Amino acid sequence: MRFARTALVCALAVAPAPAAVAHDADAPQPETRFAGAPKTEHQLKVVRHAAKRFRDVSEARRAGYVAAHECVSSPEGGMGVHYTHPGLAQDGRLNIRRPEVLVYEPRGKRRRLVAVEYFRPDADGRLDTDDDRPYLFGRGFDGPMEGHEPGMPVHYDLHAWVWKRNPAGTFAMWNPRVECPRETR
């Protein structure tokens with residue numbers, strides 16, 4: 001599993017930065033729309049429907065998603081364990097029906113799907129520019145930000161908490177209701 005994660009990080013580090021183009025008829029244009037707006041609520045339902053088969057983590061593995069080793073948390077809350085699909089993370093297209101990352105909350109020996117995450121490398125790899133910021137759900141992605149581990153490029157990401165309510169907001173990075181057990185940190 002560590003090899004797969006390392007392979008993903010290396011692939012993202014050498015892959016050309018893709019254009020952030022939404023290839024979904026329901027994807028909004030880059031104007032601001034807030035969670036709760038009718039179109040955004042419809043899009044969140046589309047995501048839930050498209051990814052519901054991944055509630056079973058073994059189905060996510062069969063579909064090509066690779067688990068990170070650790071559960072991610074911070075003083076602001078948790079995220080969970082990230083399962084990244086290397087092909088989707090590199091293909092350069094955004095599609096709300098095909099998130100690059102699935103986020104699971106550890107529950108004892110089981111994992112519960114709580115969110116999806118969309119990921120795009122930054123085109124110029126600079127933290128001081130954001131002219132290539134991608135948009136989905138009528139909002140800009142978080143970033144640009146440093147990679148979270150060696151070899152991960154400067155990137156943008158956007159979380160959508162579609163299966164676990166997040167008091168910080170549907171698209172907030174951290175969820176104060178998600179905890180990582182000590183053995184998965």
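Since this is a predicted model, take the numbers as computed values, not measurements.
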Applying side-chain contact (heavy atoms from CB on, under 4.5 Å), can you list everything that pairs with Val57, at least two apart in sequence or on another chain?
Arg61, Tyr83, Tyr104
Can you name the nearest heavy-atom pair linking Ala115 to Trp161, along with the distance?
CB-CE3, 3.5 Å
Within this structure, what is the CD-CG distance for the pair Glu117 and Leu158, rounded to the nearest 0.5 Å?
8.5 Å
Run the side-chain contact (heavy atoms from CB on, under 4.5 Å) test against Pro167 and tell me which residues pass, sequence neighbours left out.
Arg165, Asn175, Pro176, Arg177
From Phe137 CZ over to Leu94 CG, what is the distance, rounded to the nearest 0.5 angstrom?
10.0 Å
Gap separating the CD atom of Gln43 from the CG atom of Leu136, nearest 0.5 angstrom:
8.0 Å
From Arg126 atom CZ to Asp131 atom CG, the distance as rounded to the nearest 0.5 Å
9.0 Å
Can you list the residues that meet the salt bridge (charged side-chain N to carboxylate O under 4.0 Å, His left out) rule with Arg62, with sequence neighbours excluded?
Glu59
Return the OG1 to CD distance between Thr170 and Glu41, rounded to the nearest 0.5 Å.
7.0 Å
Search all heavy atoms of Tyr65 against all heavy atoms of Glu100 and return the closest pair with its distance.
CE2-O, 3.6 Å
How many angstroms lie between atom OH of Tyr156 and atom CZ of Phe119, to the nearest 0.5 angstrom?
12.0 Å
Heavy atoms only: give me the nearest Pro99-Leu88 pair and the separation to one decimal.
O-CD1, 3.5 Å
